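Structure record follows, encoded as structure tokens.
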Amino acid sequence: EAQVTQNPRYLITVTGKKLTVTCSQNMNHEYMSWYRQDPGLGLRQIYYSMNVEVTDKGDVPEGYKVSRKEKRNFPLILESPSPNQTSLYFCASSSIRVGVRGYTFGSGTRLTVV
Amino acid sequence: ILNVEQSPQSLHVQEGDSTNFTCSFPSSNFYALHWYRWETAKSPEALFVMTLNGDEKKKGRISATLNTKEGYSYLYIKGSQPEDSATYLCAFFDRGSTLGRLYFGRGTQLTVWP
């Protein structure tokens, strides 16, 4: 089944403790992206990647890192999480023409930083 | 950051009512407009990707129209059913931006009462 797999689904952590949210897709998509969803705000892009080793900042990249060493994986790294990073996170992937095909989203990761 | 506006923010209708909502986006540098359906506790799913002025797309009881010259799109649901309850997101793809970027509106939350 074609899908984007995120883990974990839920995570509660403490301020400053490094964490990684994994994202993997099995559709051979070039484009992958991370979004966060906060109440009253639309989905905001954190980082995106156009292919292996090609990444760029979205609208809210501060406090996050990403890497794209393999085409299928695009992990999101929070080196020193803070409470303002408590949010619902989505990973998404698309074939090369994201404007034409649209994104396939993962099931989301609800992160709470205390 | 490009501004994508959706209205209304929320909508409550009775089963069987028809309804519509609006997405407004910048009319310059248009490339594509996406509609996504996002049910509670699930991830957003692409409904339509529209690229041409005057485009009309239909999937069952849901249809969408696009006016790129004035920068708006309408989503229509005919004979709403409780299972249509979801948040409907639109997203704008700008010809001038880097290929991986979609700009999302805040969504219209639809509740259909039986």
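Note on naming: letters A, B, ... go to the chains in the order of the sequence lines (proteins, then strands), and numbering restarts at 1 for each one. Note that the coordinates shown come from a computational prediction; the quantities given were computed from them, not determined experimentally.
The CG atom of B:Leu47 lies 9.0 Å from the CH2 atom of B:Trp35; values are rounded to the nearest 0.5 Å.
Under a cut-off of 6.0 angstrom, the local environment of CD in B:Gln81 is crowded, with over 12 non-hydrogen atoms contributed by other residues, nucleotides or ligands.
By the rule that hydrophobic residues join a cluster once side-chain heavy atoms approach within less than 4.5 Å of another member, A:Tyr47 and B:Phe93 end up as members of separate clusters. In the hydrophobic clustering of this structure, A:Val60 groups with A:Val113; members are Ile, Leu, Val, Met, Phe, Trp, Tyr whose side-chain heavy atoms approach within less than 4.5 Å, directly or through other members.
Residues of residues 105-114 of chain B having a heavy atom under 4.5 Å from any heavy atom of chain A, listed by number: B:Gly105, B:Arg106. Of residues 71-92 of chain A, those residues lying under 4.5 Å from chain B by any heavy-atom pair are A:Leu88, A:Phe90.
Electrostatic pairing of B:Arg37 and B:Glu39 counts as a salt bridge here, judged by a charged N lying under 4.0 Å from a carboxylate O.
In the model, B:Asn67 has a side-chain atom that pairs as donor or acceptor with a side-chain atom of B:Tyr72 under 3.5 Å.
Using a distance-only test at 3.5 Å, with no hydrogens or angles considered, no donor-acceptor pair links the side chain of A:Ser67 to the main chain of A:Lys69. When atom types are taken as modelled, the side chain of B:Asp55 and the backbone of B:Thr51 share a donor-acceptor pair closer than 3.5 angstrom. Within the 3.5 Å criterion, the main-chain N or O of B:Cys23 finds no donor-acceptor partner in the side chain of B:Gln6.
Highest contact tally toward chain B, considering only A:Met32, A:Gln37, A:Arg44, A:Arg110, is held by A:Gln37 [criterion: heavy-atom pairs under 4.5 Å]. Of the residues considered (B:Ala41, B:Ser43, B:Ala46), B:Ser43 shows the highest number of contacts with chain A, using heavy-atom pairs under 4.5 Å.
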Checklist entry - Given A:Phe105 and B:Tyr36, is the ring pair (Phe, Tyr, Trp, His ring centres under 6.0 Å) satisfied, shown in steps? => result CA-CA 10 Å; A:Phe105 283 86; B:Tyr36 291 81; 5.6 Å; yes

